[in-house]
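Below: the structure, in structure tokens.
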Amino acid sequence: MCQWIRAFGIFEGGGAKGLAHIAALKQAEVLGIEFVGVAGASAGSIVAALAAAGYTADELFHPNRLGTLLDINFTDFFQPDWPRLKKLTRHLRESFGDQNAFRTWLSLHNLYLDHWELLNRLYDECGLFDTENFRDWFGGLLERSRLRNRDATFADAPIRLKIIATDHERREIVVFGREETPGVSIVDAVCASISIPFFFKPFVIEHPPGIHRKLVDGGVVSNCPAWVFDDRARDDVGLPTFGFRLLDPPSNRSVVPLLQLAGDLLLTGLTASQELQFRRVDNLYIDSVKCTSGTFDFDLDSGAKRRLYKEGLKVGYGALFRYLKAPAQLAEACRQLREELGNPNLHLRLALYLPVGRERMRAAYSHNMEEDPDYRLEVSMSRSGFAECWKASPRECFYLDYTAALPPFKRPGIRSGLLVPILDPDSRYKRLDVRARPLVGIAEFDSDAELTETFFRERIDKEALKAIETVADVLFEEN
């Protein structure tokens with residue numbers, strides 16, 4: 001890349017799936033993304049902290065190189081009890097599998113007799129494992145990093161670092177960072193953030209001084225904390241935020257329906273809460289990694305680790321790719337339309353609006369309007385021309401005449417516009433007529449030239465659909 005792009009990076013929690021974040025970090029390096037701030041919850045906090053400490057992706061993990069920092073046996077953190085936990089897990093599946101209720105009840109007695117030590121520890125200490133082994137290992141990584149200190153604090157981090165944990169007793173979120181907790185050690189914050197409830201014991205940390213708090217996994221309240229840099233400095237306003245999510249593999253739904261329902265409801269609540277948080281963040285680009293490994297698959301072999309890394313590499317063709325390619329693609333669409341109009345010097349702007357929830361759309365990508373006051377607009381999908389364009393069947397373009405009245409959110413001088421539906425490029429819809437395919441967004445062309453509706457429709461409508469379909473194919477292609 002000829003120029004580095006400054007941005008914030010958010011790494012979602014996901015247990016053993018967190019290894020895929022290293023590949024996302026690699027793609028960001030290759031594409032020229034310079035993170036000025038990183039944040040994460042749970043496994044994402046590990047990657048965020050190591051990136052803030054100055055490690056490169058290749059130093060952390062490389063699929064074809066032995067001895068990298070994360071090329072380790074993660075089950076070493078849970079010894080000597082990992083084999084006993086695996087046995088307990090198998091017994092639980094057998095006890096709550098496809099048996100009838102009576103047989104399940106009878107098996108509970110044997111379950112306790114076979115695993116009484118682990119179950120008692122879970123009951124007495126609210127967790128099976130402590131984080132001491134992990135803490136010692138992670139402190140060593142910080143000592144070998146540019147920080148040169150296993151007890152480095154957030155004030156020592158060369159870039160902004162935010163880590164999320166949960167105070168379950170106070171029922172509140174805890175944000176560790178340079179501004180919030182400058183004197184807290186990074187390794188302690190990471191230990192708190194990875195403490196998956198019941199799997200790890202709650203991590204006790206003294207913050208503020210004199211007050212000891214029991215903290216658990218930050219993913220309980222915000223697994224992908226894209227909002228955490230809302231307090232960004234004046235020089236950082238407008239910088240993009242790239243969020244990297246880790247999707248679970250398809251679940252095995254052979255367990256007891258009641259337990260499946262409980263799990264589904266919990267995950268639905270967490271996911272819905274996360275989606276609501278995303279709506280608040282401007283200039284946010286989310287990439288999702290479809291993982292074949294699960295959260296608790298800590299006993300990954302080398303083949304599974306390489307596969308997980310390869311899955312993470314696909315993010316380079318998602319949000320990162322779209323962000324870097326969008327300006328050139330939109331500029332090309334405008335050039336084509338100027339040619340159709342026979343006026344290569346026409347002042348023409350283009351913004352791509354994407355849904356933000358059910359009621360609003362936000363200008364996620366734009367061309368030729370970065371210095372204008374209506375850059376990054378949000379518009380209503382319940383009324384206005386955007387609503388008509390979104391709901392129209394069959395799909396069609398909508399002409400906007402601003403000569404009589406200019407909306408208050410528009411840049412002064414804009415006289416006419418055209419809304420063009422962005423068609424879903426998914427291969428499942430390719431067989432459908434172009435005007436019957438579902439939408440993924442709306443493109444708005446506008447200009448300070450006085451163009452009549454007839455001229456706009458006859459000269460732009462057909463070509464605009466063709467140009468935007470090409471842009472949609474590039475911007476929204478499947479990973």
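The CG atom of L215 sits 8.0 Å away from atom OG1 of T166, with the distance rounded to the nearest 0.5 Å. Atoms CD1 and OG1, from I196 and T295 in turn, are 7.0 Å apart once rounded to the nearest 0.5 Å. Summarising the geometry, atom CG belonging to D167 is positioned 5.0 Å from atom CD belonging to E172; distances are rounded to the nearest 0.5 Å. With rounding to the nearest 0.5 Å, the separation of CZ in F203 from SG in C191 is 4.5 Å. The CD1 atom of I10 sits 12.5 Å away from atom CZ of R245, with the distance rounded to the nearest 0.5 Å. Between the CD atom in Q27 and the CD1 atom in I22 there is a gap of 13.0 Å [rounded to 0.5 Å].
A heavy-atom distance below 4.5 Å is not found between the side chains of L69 and W137. Between I33 and F242, some side-chain heavy-atom pair lies under the 4.5 Å cut-off. In this structure the side chain of P182 never reaches within 4.5 angstrom of the side chain of F154, judged on heavy atoms. Here the side chains of S293 and L300 are in contact, with some heavy-atom distance below 4.5 Å. In this structure, V184 and I205 have side chains that are in contact, with non-hydrogen atoms separated by less than 4.5 Å. Under the 4.5 Å side-chain criterion, counting only non-hydrogen atoms from C-beta, I186 is in contact with L142. Within the 4.5 Å cutoff, the side chain of V204 has no heavy atoms near those of the R213 side chain. Contact annotation: the side chain of L239 approaches that of F8 to within less than 4.5 Å [non-hydrogen atoms, C-beta and beyond].
The number of heavy atoms from other shown groups lying within 6.0 Å of CD1 (I211) is above 12. In this structure, R170 places its CZ atom where more than 12 heavy-atom neighbours from other residues, nucleotides or ligands lie under 6.0 Å away.
At distances below 3.5 Å, not a single donor-acceptor pair connects side-chain atoms of D136 with backbone N or O atoms of N133. A donor-acceptor contact shorter than 3.5 Å links the side chain of S145 to the backbone of L147. Looking only at distances, a side-chain donor or acceptor of T181 sits under 3.5 Å from a matching main-chain atom of G177. Counting only distance, with no hydrogens or angles, the side chain of N149 and the backbone of E143 share no donor-acceptor pair below 3.5 Å. Within the 3.5 Å criterion, the main-chain N or O of L128 finds a donor-acceptor partner in the side chain of R121.
Residues passing the salt bridge (charged side-chain N to carboxylate O under 4.0 Å, His left out) test with R135, sequence neighbours excluded: D188. Checked against salt bridge (charged side-chain N to carboxylate O under 4.0 Å, His left out), R84 has the following partners two or more places apart in sequence or in another chain: D81, E117. By the side-chain hydrogen bond (donor to acceptor under 3.5 Å, both in side chains) test, K214 is found to be paired with no residue, residues two or more places apart in sequence or in another chain being considered. In terms of the side-chain hydrogen bond (donor to acceptor under 3.5 Å, both in side chains) criterion, residue partners of T153 (sequence neighbours excluded) are, by chain and number, D156. Residues satisfying the side-chain hydrogen bond (donor to acceptor under 3.5 Å, both in side chains) criterion with S42, sequence neighbours excluded, are D217.
The nearest pair of heavy atoms linking A16 to L308 is O-CD2, 3.4 Å. Summarising the geometry of T241 relative to A226, their closest heavy-atom pair is CG2-O, 4.3 Å, with the distance given to 0.1 Å. Nearest heavy atoms, V187 versus G139: CG2-N, 4.1 Å. The heavy-atom pair separating V228 from A39 by the smallest distance is CG1-CB, 3.5 Å. Taking each heavy atom of A41 and G219 in turn, the nearest pair found is CB-N, 3.9 Å. Nearest approach of V47 to G18, heavy atoms of both residues: CG2-O, 4.0 Å.
Of the charged side-chain nitrogens involved, none lies within less than 4.0 Å of a carboxylate oxygen, so that E12 and K17 do not count as a salt-bridged pair. Salt-bridge annotation for K26 and D58: present, with a side-chain N of the basic residue lying under 4.0 Å from a carboxylate O of the acidic one. Using a 4.0 Å cut-off between charged nitrogen and carboxylate oxygen, E34 and R6 do not count as a salt-bridge pair. Remark: R65 does not engage E59 in a salt bridge, criterion side-chain N to carboxylate O under 4.0 Å.
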- Please test W82 against D299 for side chain to side chain contact (heavy atoms under 4.5 Å, CB included), starting from the C-alpha separation and ending with a verdict. CA-CA 9 Å; W82 180 258; D299 49 355; 4.1 Å; yes
- Test log, rule side chain to side chain contact (heavy atoms under 4.5 Å, CB included), inputs F176 and V190: CA-CA 9 Å; F176 295 100; V190 172; over 6 Å; no
- Residues T75, Q79; criterion side chain to side chain contact (heavy atoms under 4.5 Å, CB included); working and verdict: CA-CA 7 Å; T75 62; Q79 298 299 346; 3.8 Å; yes
- Item | Residues F229, K162; criterion side chain to side chain contact (heavy atoms under 4.5 Å, CB included); working and verdict | CA-CA 8 Å; F229 288 112; K162 304 265 190 176; 3.5 Å; yes
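None of F74, F77, F199 except one satisfies the ring-ring contact (aromatic ring centres under 6.0 Å, His included) rule with F298; the exception is F199.
Aromatic ring centroids of F78 and F134 lie 6.0 Å or more apart. Checked against a 6.0 Å centroid threshold, the rings of Y309 and F61 count as neighbours. Aromatic pair F386/Y353: ring centres closer than 6.0 Å.
Evaluation of the salt bridge (Lys or Arg N to Asp or Glu O under 4.0 Å) test over residues 301-311, restricted to residues two or more places apart or in two chains, returns D71-K305.
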